[in-house]
Amino acid sequence: MAVHQTNEAQCIEFQIPVPWGFLSCQWHGTRKVRPILALHGWQDNSGTWIPLLPYLPGHVGLFCVEFPGHGRSSKLPKGVIHHILDYINIVELIVKTFNWQKVSLLGHSLGGVVASIYATLFPERIDLLIQLDVVKMPYRSPEFQLRAYRITIEKQLLEDERYDEEPTSYTFDELVELIHRGYRKSVNTENCKYLIERNCSRSSKDPSKLYFSTDPRIKYYVEIADQHDYNVDFIKPQKNLNILMIRGTTTIYIDQESLDLLEVLKKQNPNMESYEVEGTHHVHMNSPKEVARYMRPFICKHRPPEESSRTFDANEQEECLKRFSKSKL
């Protein structure tokens, strides 16, 4: 098989070709049934799921994709601005590539927003949706949006000019500190290594140091404008979906608007489950066992072992994987 097998029994890593390069993917666990598609958060990568993996049900695998410019996925070409619709399109690309009739979605932060939007657009395809520490895109005032658009345009041109340049490099310990503080201490220091491994590369100028090899333009991606009435109408197609939301008790990313929308969703959807776990925005990394305490029964309820192989052709998936190029680790 033309893929890199990090551990044949547990994980394969491969690349899905796209016009601008490739999407870096990992498939953890069994490939005999359709996996859960896992979408990471803003500026994160597939390493975000590593602490959680040992606590998830073993009868269904986890398919982790890295958005363009994140982790080891290719950057978008010069002159192209990142937009959240690009990430939603990635979900559709994977669904079509593997010919899934149904899709199970797991998303953290931005990945949770992407999963939610996809579920609204294609509710008939969703058999379960899990959102970690996110309900919706945060509200942005008109003044904030205009300022963000201006910064995006200015920074986009600047980053295009230094597209091929190697940025500043750091020691590993410095990177841990940068991520820990840059994420407002949301990721515990001992878990920063999982993000560093895939977001950083060895410096050609000083091999003892590492630099962020992700696309710096992802910091200026374009969001979808948010309004309360829009959100209420937006989630109506989700009224019959199996949804699990888990949020950290000390998160700063779920505002009152999000909590209000969550109550609307609970009232309209009897299949909706919502829980709090002690922790920060990256609660799934820092407290994976506690998060999995709610995820495991939810997954087993809506993707029971005896039904997981339905509408899935394992041989077809293996043939599909053979077309993908070997990852460069």
Side-chain angles (χ1 to χ4, degrees), residues 4 6-7 11 13 15 21-26 28 38-54 64-76 82 87 107-112 132-134 151 155-156 158-221 248 250-253 279-288 291 327-329:
H4 173 78
T6 57
N7 183 315
C11 177
E13 183 160 351
Q15 299 169 347
F22 60 85
L23 298 173
S24 184
C25 304
Q26 291 180 318
H28 295 270
L39 309 174
H40 61 75
W42 180 50
Q43 298 192 72
D44 289 353
N45 56 58
S46 326
T48 194
W49 307 114
I50 298 299
L52 184 62
L53 279 167
C64 308
V65 60
E66 291 173 332
F67 292 133
H70 292 73
R72 296 177 183 171
S73 286
S74 298
K75 299 179 182 180
L76 292 179
H82 285 260
Y87 307 148
H108 167 246
S109 194
L110 172 62
L132 301 180
D133 211 63
V134 71
I151 292 173
K155 294 293 187 180
Q156 172 78 18
L158 176 63
E159 295 301 343
D160 277 351
E161 292 176 1
R162 53 191 186 192
Y163 186 88
D164 298 315
E165 297 178 8
E166 180 180 307
T168 304
S169 58
Y170 307 91
T171 65
F172 182 84
D173 289 341
E174 289 172 337
L175 285 171
V176 169
E177 187 66 14
L178 277 172
I179 290 177
H180 181 59
R181 292 191 176 277
Y183 281 53
R184 302 182 185 182
K185 300 183 180 181
S186 176
V187 182
N188 291 349
T189 53
E190 64 268 22
N191 290 325
C192 290
K193 61 186 177 184
Y194 299 117
L195 301 178
I196 291 173
E197 180 182 357
R198 303 188 65 82
N199 272 357
C200 299
S201 298
R202 188 70 57 185
S203 171
S204 59
K205 302 174 184 177
D206 184 351
S208 68
K209 294 185 176 181
L210 301 162
Y211 66 91
F212 287 105
S213 50
T214 51
D215 189 343
R217 297 172 301 171
I218 63 178
K219 292 182 286 188
Y220 315 110
Y221 82 100
T250 62
T251 181
I252 61 173
Y253 292 95
T280 64
H281 182 54
H282 285 77
V283 65
H284 64 294
M285 295 187 74
N286 301 328
S287 303
V291 169
S327 298
K328 297 179 181 180
L329 299 182

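Along the sequence shown, residues are numbered consecutively beginning with 1.
Using a 3.5 Å distance cut-off with no hydrogens or angles, the side chains of S203 and E166 do pair a donor with an acceptor.
Screening T250, N286, T251 for a side-chain hydrogen bond (donor to acceptor under 3.5 Å, both in side chains) with T280, the sole residue that qualifies is N286. Only one option out of S287, S109, S186 pairs with H282 in a side-chain hydrogen bond (donor to acceptor under 3.5 Å, both in side chains); it is S186.
K75 has no carboxylate O lying under 4.0 Å from a charged side-chain N of E159, or vice versa, which leaves the two without a salt bridge.
Between W42 and Y221, the ring planes lie tilted relative to each other; the angle falls in the 30° to 60° range.
Here the shortest heavy-atom pairing between S24 and E13 reads OG-OE2, 3.6 Å. The two residues L210 and C200 make their nearest non-hydrogen contact at CB-CB, 4.2 Å. Summarising the geometry of E165 relative to E161, their closest heavy-atom pair is OE2-O, 4.2 Å, with the distance given to 0.1 Å. Smallest separation of non-hydrogen atoms from G71 and N45: CA-CB, 3.7 Å.
More than 12 heavy-atom neighbours from other residues, nucleotides or ligands sit within 6.0 angstrom of CZ on R202.
Two residues are said to be in side-chain contact when any heavy atoms from C-beta on lie closer than 4.5 Å; T48 and M285 meet this criterion. Inter-residue side-chain proximity for V283 and L132 is flagged as unmet; no heavy-atom pair is nearer than 4.5 Å. When side chains are defined from C-beta on, Y183 counts as touching Q43, because their heavy atoms get closer than 4.5 Å.
Scanning for side-chain hydrogen bond (donor to acceptor under 3.5 Å, both in side chains) contacts around T168 gives an empty result, with sequence neighbours left out. Shown here are the side-chain hydrogen bond (donor to acceptor under 3.5 Å, both in side chains) partners of S46, two or more places apart in sequence or in another chain: E66.
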